[in-house]
Amino acid sequence: MTISDNLRVETIFVSPGEQGHGVGSELMAQAKFGRMQLEARILEENLRGRYFLQQHGFSEAERQFNTAANQDEILMNCRVA
């Protein structure tokens, strides 16, 4: 997991064999520890990633069109404390 600016979740990588076993949830719990909020940007078509973020308290804040990906990019926020 990579977090920039002390609040932006940039990447979460869990090997395919470990997915669905709570590894990503544990990484997210560690990311939330000691922070007031987190944010993440995710492409609209990444339904699995969006669902994961929603399960961990993230909600959509805004959308912007990403011309490189030819789809909306969604800013999601999570208030931790």
Side-chain angles (χ1 to χ4, degrees):
M1 177 176 264
T2 306
I3 300 173
S4 66
D5 299 331
N6 203 32
L7 70 103
R8 186 174 304 123
V9 177
E10 296 287 349
T11 58
I12 301 173
F13 294 114
V14 177
S15 65
E18 296 299 318
Q19 292 176 6
H21 294 93
V23 175
S25 294
E26 181 60 34
L27 289 170
M28 187 60 73
Q30 291 297 317
K32 288 179 177 181
F33 185 78
R35 291 185 170 85
M36 300 280 293
Q37 68 179 37
L38 286 171
E39 69 179 37
R41 291 190 177 274
I42 192 159
L43 293 174
E44 181 179 38
E45 72 177 21
N46 186 349
L47 299 177
R48 189 171 179 180
R50 286 171 48 198
Y51 181 69
F52 175 82
L53 290 172
Q54 289 170 339
Q55 284 184 306
H56 291 89
F58 285 76
S59 59
E60 183 175 330
E62 68 180 59
R63 288 177 179 238
Q64 292 182 333
F65 190 73
N66 181 316
T67 54
N70 198 33
Q71 62 182 294
D72 281 346
E73 184 176 65
I74 303 169
L75 172 64
M76 299 183 79
N77 291 323
C78 176
R79 181 160 301 286
V80 177

Checklist line | salt bridge (charged side-chain N to carboxylate O under 4.0 Å, His left out) against R8, all qualifying residues, sequence neighbours excluded | finding: D5, E10, E39
Next item on the list: Verify the cluster assignment for I74 and L7: are they in a single hydrophobic cluster under the rule of side-chain heavy atoms below 4.5 Å apart?
Entry: no
Next item on the list: Treating Ile, Leu, Val, Met, Phe, Trp and Tyr as nodes and any side-chain heavy-atom pair under 4.5 angstrom as an edge, say whether L75 and I12 lie in one connected cluster.
Entry: no
Check: Looking only at heavy atoms, which two atoms of M28 and L38 are closest? And how far apart?
Finding: SD-CD1, 4.2 Å
Check: Looking only at heavy atoms, what is the nearest atom pair of L53 and A40, with distance?
Finding: CD1-CB, 3.9 Å
Check: Under a single-linkage definition using a 4.5 Å side-chain heavy-atom cutoff for Ile, Leu, Val, Met, Phe, Trp and Tyr, are V14 and M1 assigned to the same hydrophobic cluster?
Finding: yes
Item checked: Sequence-distant partners of F52, ring-ring contact (aromatic ring centres under 6.0 Å, His included), two or more places apart -> H56
Notebook entry, point to check: Are F58 and L43 grouped together when hydrophobic residues (ILVMFWY) are joined by side-chain heavy atoms under 4.5 angstrom apart?
Noted result: no
Item checked: Under the side chain to side chain donor-acceptor pair (under 3.5 Å) test, residues paired with S15 that sit two or more places apart -> none
Notebook entry, point to check: Any idea which heavy atoms bring N46 and I42 closest together, and the distance?
Noted result: ND2-CD1, 3.6 Å
Item checked: Residue pairs passing the salt bridge (Lys or Arg N to Asp or Glu O under 4.0 Å) test where at least one lies in residues 19-38, sequence neighbours excluded -> none
Next item on the list: Take atom CZ of F13 as the centre, draw a 6.0 Å sphere, and report whether it contains more than 12 heavy atoms from other residues, nucleotides or ligands.
Entry: no
Margin query: Quick check against the 3.5 Å criterion: does E18 have a side-chain atom that pairs as donor or acceptor with the backbone of V23?
Written below: no
Item checked: Qualifying salt bridge (Lys or Arg N to Asp or Glu O under 4.0 Å) pairs with a residue from residues 48-69, counting only residues at least two apart or across chains -> E44-R63, E60-R63, R63-D72
Next item on the list: Only counting residues at least two apart or in another chain, list the ones meeting side chain to side chain donor-acceptor pair (under 3.5 Å) with N70.
Entry: none
Notebook entry, point to check: Can you name the closest pair of heavy atoms from A61 and N77 and give their distance?
Noted result: CB-ND2, 3.2 Å
